[in-house]
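Here's the structure we're looking at; comments come further down.
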Number of protein chains: 2
Amino acid sequence: MGKQVVLYGAVGGVLIALLKVIEYKHFVHEYPSEIYGGLIAVIFTVLGIYFGLRWTRAKEVVVIREVPVRMDGPFVMNAEKLKEVGLTAREHEILALIAQGLSNREIGEKLFISENTIKTHSSRLFEKMQVNRRVQAVQKAKDLGLIP
Amino acid sequence: MGKQVVLYGAVGGVLIALLKVIEYKHFVHEYPSEIYGGLIAVIFTVLGIYFGLRWTRAKEVVVIREVPVRMDGPFVMNAEKLKEVGLTAREHEILALIAQGLSNREIGEKLFISENTIKTHSSRLFEKMQVNRRVQAVQKAKDLGLIP
DNA sequence: CCCTGAATCATCCGAACGGGCGACTGCGCG
DNA sequence: CGCGCAGTCGCCCGTTCGGATGATTCAGGG
């Protein structure tokens, strides 16, 4: 802002000097002093507005409205918890498919293995997660960050 | 803004008139005209700054910043979706309990009603949500914001 | 080489679930 | 009053699930 003050002073000085020069050459003898004063008033009003705005332009009031956006990101799996629970890759895979609402049969078809195998895996992962129903397993897995 | 213009004009007029009165009484003969002009300059600069700021002060810049807020806390239910799906209060309640991993029997005991009734409710809510397995219902309900 | 862990498949059984049906009650609305 | 809706309950039937147990195969480590 310091520079602007100097600039403003300089401009004002130049104008006043200019007016003074003009004053003795034309205006004083040709126009009444009210016009002289009016001119100065107009010029400095404009300058005042200009610099007033300029000095405060950056002072825009920034209203930050925080919109709560649900972003759970790309889902980062909690590898520690996975090891902690002791799930194998296959069990984890099947857990994910269970969480998608698939039946054991559908999972079996999807993975080209028997439904019985799915049941074995699911039983084991239920044990490891200490639950006894698939919905509970899904809920717990979500809490632990094992599935999205 | 119109009022301000009028006000500004009025203030300016009064000041000029005032200066004119003063002019013939004191200043012209006691002070050089530069001071007279400088006075006008200062006064109108201040006025310019004042009104310039005043007219543009309301220039608030509203920045809508979408902030990734982790709002798992309070959980605001999506009432629109609830009506859209057409679930009754009871069905919604039972849906929530299903999502907690409870069996039909457990839900019945918790609500002091028959397991058969739970089955009726769950069947109806499955229809309304267009699913045929409880895990699917839970998943869909979470997506729709019907349950935490 | 043997042992272990994993993945696979199987069988059995009881419990849980889903779907369908009928029925009764209580409440609000026209 | 009659009608419809929500809530309650019961029964039946077939499917799915969960639990238990056993077997086979295969890869990797001691």
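The sequence lines fix the lettering, A, B, ..., with proteins before strands; numbering per chain opens at 1.
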message: Please determine whether a side-chain nitrogen of the Lys or Arg among K81(A) and E84(A) lies less than 4.0 Å from a carboxylate oxygen of the Asp or Glu.
response: no
message: At 4.0 Å (heavy atoms only), tell me whether R124(B) reaches a base, stays on the sugar-phosphate, or touches nothing.
response: base
Under-4.0 Å side-chain N/O to phosphate OP1/OP2 contact, T117(A) with dC9(C): yes
task: Flag the pair I107(A) / I94(A) as yes when at least one side-chain heavy-atom distance between them is below 4.5 Å, and no otherwise.
output: yes
query: Could you give the CE-to-C1' distance, from M129(A) to dG19(D), as a whole number of Å?
result: 18 Å
query: Could R124(B) and E127(B) be called an ion pair, given the rule that one side-chain N must be under 4.0 Å from one carboxylate O?
result: no
- request: Mind checking salt bridge (charged side-chain N to carboxylate O under 4.0 Å, His left out) for K128(B) and listing every partner two or more places apart, or none if nothing turns up?
  value: E91(B)
- line: The salt bridge (charged side-chain N to carboxylate O under 4.0 Å, His left out) partners of E106(A) (sequence neighbours excluded) come to R133(B)
message: Nearest to the side chain of T88(A), heavy atoms from C-beta on, is which of dC17(D), dA10(C), dA6(C)?
response: dA6(C)
query: Looking only at side-chain N and O atoms, does R105(B) come under 4.0 Å of OP1 or OP2 in dC17(C)?
result: no
message: Without decimals, in angstroms, what is the distance between I107(B) CD1 and dG7(D) C1'?
response: 16 Å
field: Side-chain touch K142(B)/Q139(B), heavy atoms, less than 4.5 angstrom
entry: no
- prompt: What nucleic acid atoms does S122(B) come within less than 4.0 Å of, heavy atoms only: base, sugar-phosphate, or nothing?
  reply: nothing
- line: Among dC17(D), dT8(D), dG19(C), the one nearest any side-chain atom of R134(A) is dC17(D)
- request: Select from F126(A) and F112(B) the residue whose nearest nucleotide in DNA chain D is closer to the 5' end of that strand.
  value: F112(B)
message: Less than 4.0 angstrom between a side-chain N/O of N104(B) and OP1 or OP2 of dC17(C), yes or no?
response: yes
- prompt: NZ of K119(B) versus P of dA16(C): gap in Å, rounded?
  reply: 11 Å
query: So what does N116(B) hit on the nucleic acid, given a heavy-atom distance under 4.0 Å: a base, only sugar-phosphate, or nothing?
result: base
query: Is a donor-acceptor contact shorter than 3.5 angstrom present between the side chain of S103(B) and the base of dC17(C)?
result: no
Separation of dA6(D) C1' from L87(B) CG (nearest whole Å): 13 Å
- request: Measure the distance from CD on E115(B) to C1' on dT8(D) and round it to the nearest whole Å.
  value: 14 Å
message: Whole angstroms only, please: what is the CD-P distance between E91(B) and dC5(D)?
response: 13 Å
- prompt: Is the distance from OP1 or OP2 of dG10(D) to the nearest side-chain N or O of S114(B) less than 4.0 Å?
  reply: yes
query: So, the side chain of K140(A) versus the backbone of M129(A): is there a donor-acceptor pair under 3.5 Å, distance only?
result: yes
- prompt: Do the side chains of T117(A) and L111(A) get nearer than 4.5 Å, heavy atoms only?
  reply: no
task: Treat a base pair as Watson-Crick or G-U wobble with both distances under 3.5 Å, then lay out DNA chain D in dot-bracket form, 5' to 3', with | for cross-strand pairs.
output: ||||||||||||||||||||||||||||||
query: Nearest-Å distance, CZ (R90(A)) to P (dC26(D))?
result: 16 Å
- prompt: Would you say R133(A) reaches dG18(D)'s phosphate, i.e. side-chain N/O to OP1/OP2 under 4.0 Å?
  reply: no
- prompt: Once you round it to whole Å, what is the distance between C1' of dT8(C) and NE2 of H121(A)?
  reply: 7 Å
